[in-house]
Amino acid sequence: MSSRRSRSSRHSGGSRISEDQINDLVNKLQQLLPELRNRSSDKVSASRVLQDTCNYIKSLHREVDDLSDRLSELLESSDTTQAALIRSLLMQ
């Protein structure tokens with residue numbers, strides 16, 4: 001066993017994740033990424049999947065922020081009845 005692995009197993013309290021489990025999780029992440037979803041025949045490195053996952057999450061955060069800003073602008077510019085309707089739809 002490598003010194004890196006023996007150190008990590010001591011620090012993890014014995015609950016190690018197997019290489020097969022890691023590969024399965026990386027494959028699941030790959031299926032969630034639009035750019036990599038249909039590339040199952042092409043071998044994509046775990047590093048690439050993890051980097052693309054981080055980038056995708058960042059882009060989703062930016063999109064949520066943008067949509068929140070747009071919604072706030074819409075609520076401010078709408079009349080009271082329209083704003084109330086939009087708020088009620090959001091609460092459902």
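Numbering of residues begins at 1 and proceeds along the displayed sequence.
- Salt-bridge annotation for Asp66 and Arg62: absent, with no side-chain N of the basic residue lying under 4.0 Å from a carboxylate O of the acidic one.
- The CG atom of Asp24 sits 9.0 Å away from atom CD1 of Ile17, with the distance rounded to the nearest 0.5 Å.
- Closest of all the heavy-atom pairs between Val44 and Arg48 is CG1-CG, 3.4 Å.
- Heavy atoms of other residues, nucleotides or ligands lying less than 6.0 angstrom from CD of Gln21 number more than 12.
- Note that OG1 of Thr53 and NZ of Lys28 are 14.0 Å apart. Values are rounded to the nearest 0.5 Å.
- Criterion: ILVMFWY side-chain heavy atoms under 4.5 Å apart, direct or through other members. Under it, Leu60 and Leu50 are part of a common hydrophobic cluster.
- Here the shortest heavy-atom pairing between Val49 and Gln30 reads CG1-N, 3.8 Å.
- Considering CD1 of Ile57 and CG of Leu29, their distance stands at 8.0 Å, rounded to 0.5 Å.
- Nearest heavy atoms, Arg37 versus Gln31: NE-O, 3.0 Å.
- Rounding to the nearest 0.5 Å places CG of Leu74 at 7.5 Å from CD of Gln82.
- Residues passing the salt bridge (Lys or Arg N to Asp or Glu O under 4.0 Å) test with Arg87, sequence neighbours excluded: none.
- Note that CG of Asn55 and CD of Glu35 are 8.5 Å apart. Values are rounded to the nearest 0.5 Å.
- Of all heavy-atom pairs spanning Tyr56 and Leu32, the tightest one is CE2-O, 4.0 Å.
- Note that CG of Leu36 is 11.0 Å distant from CG of Asn27, once rounded to the nearest 0.5 Å.
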